[in-house]
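Note that ligands are numbered from 1 as they come in the structure, with each ligand's atoms numbered from 1 the same way. Residues: numbered from 1 along the sequence shown.
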Amino acid sequence: MSSIKACIFDLDGVIVDTAVYHFKAWKRLADELGINFTEHDNERLKGVSRVRSLEIILELGGVTKTEAEQQELATRKNIWYVEMINRMTPAEILPGAKEFLETCRAAGIKTALGSASKNSSTILDKINMAHLFDAIVDGNHVSKAKPDPEVFLKGAEALGVAPAECVVFEDAIAGVEAAINGGMKVVGIGSPDVLNKADLVVSGLDKMSLEKLDKL
Ligand code: G6P
Ligand code: MG
């Protein structure tokens, strides 16, 4: 019998692939600022907060902006991003994500969302998955970004489950570290080379099963 009582899921890169929309919106902003920003650079923004993402882009271009200017730029990027996610549909759910959440719930395992995004409720609404989470903790509820474990600890608390009884699903290095820092098990979604600190790495939730959860 497994000691796992809850699964906590990151959103971007685990449930849906919004990185492409983040990239388009950041790219548009970078172009306006005359900063060269590539898909390779975009990797560094995964799992990172909106404000920190902007700082990274400004650093890439060697551009300095005041706090007020940074707020305005981040808001502008978010307006473009929200326009894109408002057009998302359930067809964009990553393979196996919905099925694995349903499998967990049917087995009595609680589910939570643990995302840095402040747009998670819009996305879950568009892909019609909000009802599959017992608790939702996102960028609107936390003050410390991953690798700080705050987002996952709040998720465990909301579910009434001890951290040691939780498994986190994460595609970002900072997210894997956040789970470890919170005393939780972690399944990496992506490449074992990149997510080498995770207890198990799979290419997607379509490769997960209750048997694999049991063995963690
Ligand atoms: C996720 C993504 C990041 C993004 C962050 C904030 O963690 O992986 O790339 O910067 O959420 O998203 P937001 O929707 O609040 O701008
Ligand atoms: Mg992610």
Asks: Say whether Asn78, considering both its backbone and side-chain N or O atoms, lies within less than 3.5 Å of an N or O atom on ligand 1.
Replies: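 It does not: no N or O of Asn78 is found under 3.5 Å from an N or O of ligand 1.
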Asks: Out of Lys146, Lys197, Lys46, which one pairs with Glu170 under the salt bridge (Lys or Arg N to Asp or Glu O under 4.0 Å) rule?
Replies: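 The salt bridge (Lys or Arg N to Asp or Glu O under 4.0 Å) with Glu170 is passed solely by Lys146 among Lys146, Lys197, Lys46.
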Asks: Between Lys154 and His141, which heavy-atom pair has the shortest distance, and what is it?
Replies: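 For Lys154 versus His141, the nearest heavy atoms are NZ-O, 2.8 Å.
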Asks: Any salt bridge linking Glu69 with Arg76? Criterion: basic side-chain nitrogen under 4.0 Å from a carboxylate oxygen.
Replies: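 Salt bridge between Glu69 and Arg76, a charged N being under 4.0 Å from a carboxylate O: no.
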Asks: Would you tell me whether Asp125 and Thr122 have side-chain atoms, one donor and one acceptor, within less than 3.5 Å of each other?
Replies: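 No.
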Asks: Would you mind running through ligand 1 and noting each atom that sits below 4.0 Å from a heavy atom of Leu45?
Replies: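 In order of number, 3 (C), 9 (O).
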Asks: Pick one of side chain, backbone, both or neither for how Thr18 approaches ligand 1, counting any non-hydrogen atom pair under 4.0 Å.
Replies: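 It is neither part, as no heavy atom is under 4.0 Å.
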Asks: In this structure, does ligand 1 have an atom that sits under 4.0 Å from one of the heavy atoms of Gly47?
Replies: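 A heavy atom of Gly47 does come that close to ligand 1.
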Asks: Do Lys65 and Leu73 have side chains that get closer than 4.5 Å, going by heavy atoms?
Replies: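 Lys65 vs Leu73: side chains touch.
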Asks: Provide, to 0.1 Å, the distance between atom 2 (C) of ligand 1 and the closest protein heavy atom, together with that atom's residue and name.
Replies: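 Ranked first by proximity to atom 2 (C) of ligand 1 is Asp12 OD2, 3.2 Å.
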Asks: In a check of side chain to side chain donor-acceptor pair (under 3.5 Å) between Glu165 and each of Lys5, Lys185, Lys110, which one passes?
Replies: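 With Glu165 as partner, side chain to side chain donor-acceptor pair (under 3.5 Å) holds for just one option, Lys5.
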Asks: Take Ile15 and Leu101 through the test side-chain contact (heavy atoms from CB on, under 4.5 Å) and record every step on the way to the result.
Replies: CA-CA 10 Å; Ile15 307 284; Leu101 264 100; 3.8 Å; yes
Asks: Using a distance threshold of 2.8 Å, what protein N/O/S atoms lie below it relative to the Mg ion (ligand 2)?
Replies: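 Asp10 OD2, Asp12 O, Asp171 OD1, with waters left out.
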Asks: Salt bridge check, Glu55 against Arg52: does any charged N sit closer than 4.0 Å to a carboxylate O?
Replies: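 Salt bridge: yes.
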Asks: Judging by distance only, is a nitrogen or oxygen of Lys46 under 3.5 angstrom from one on ligand 1?
Replies: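 No: no nitrogen or oxygen of Lys46 is under 3.5 Å from one in ligand 1.
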Asks: For Ser53, state whether at least one heavy atom is located under 4.0 Å from any atom of ligand 1.
Replies: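 Per 4.0 Å heavy-atom rule, Ser53 contacts ligand 1.
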Asks: Report yes if some N/O of Asp10 lies less than 3.5 Å from some N/O of ligand 1; otherwise report no.
Replies: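 So ligand 1 has no N or O lying under 3.5 Å from an N or O of Asp10.
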Asks: For atom 12 (O) of ligand 1, what's the nearest protein heavy-atom neighbour? Residue, atom name and distance, please.
Replies: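 Of every protein heavy atom, Ser117 CA, 3.4 Å lies nearest to atom 12 (O) of ligand 1.
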Asks: Can you pull out the closest protein heavy atom to atom 10 (O) of ligand 1? Residue, atom name and distance to 0.1 Å, please.
Replies: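 Atom 10 (O) of ligand 1 sits closest to the protein heavy atom Val48 O, 2.6 Å.
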Asks: Do Phe9 and Phe169 have ring centroids that are under 6.0 Å from one another?
Replies: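 Ring centres of Phe9 and Phe169 closer than 6.0 Å.
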Asks: Between Glu102 and Leu132, is the side-chain contact (heavy atoms from CB on, under 4.5 Å) condition met? List the steps.
Replies: CA-CA 7 Å; Glu102 286 167 348; Leu132 294 175; 4.0 Å; yes
Asks: What atoms of ligand 1 come within less than 4.0 Å of a heavy atom belonging to Tyr81?
Replies: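 By the 4.0 Å cutoff, the relevant atoms are 14 (O).
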Asks: Considering non-hydrogen atoms of the protein only, which is the closest contact for atom 16 (O) of ligand 1, and what is the distance?
Replies: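 Here the nearest protein heavy atom works out to Arg50 NE, 2.8 Å.
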Asks: Could you go step by step and tell me if Asn119 and Asn78 meet the side-chain hydrogen bond (donor to acceptor under 3.5 Å, both in side chains) rule?
Replies: CA-CA 9 Å; Asn119 294 300; Asn78 193 55; 2.9 Å; yes
Asks: If we only count heavy atoms from C-beta on, is the Met184 to Ile8 side-chain gap below 4.5 Å?
Replies: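 Yes; the side chains approach each other to less than 4.5 Å.
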Asks: When you compare ligand 1 with Lys118, is there at least one nitrogen or oxygen pair between them that comes in under 3.5 angstrom?
Replies: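 N/O-N/O distance below 3.5 Å exists for this pair.
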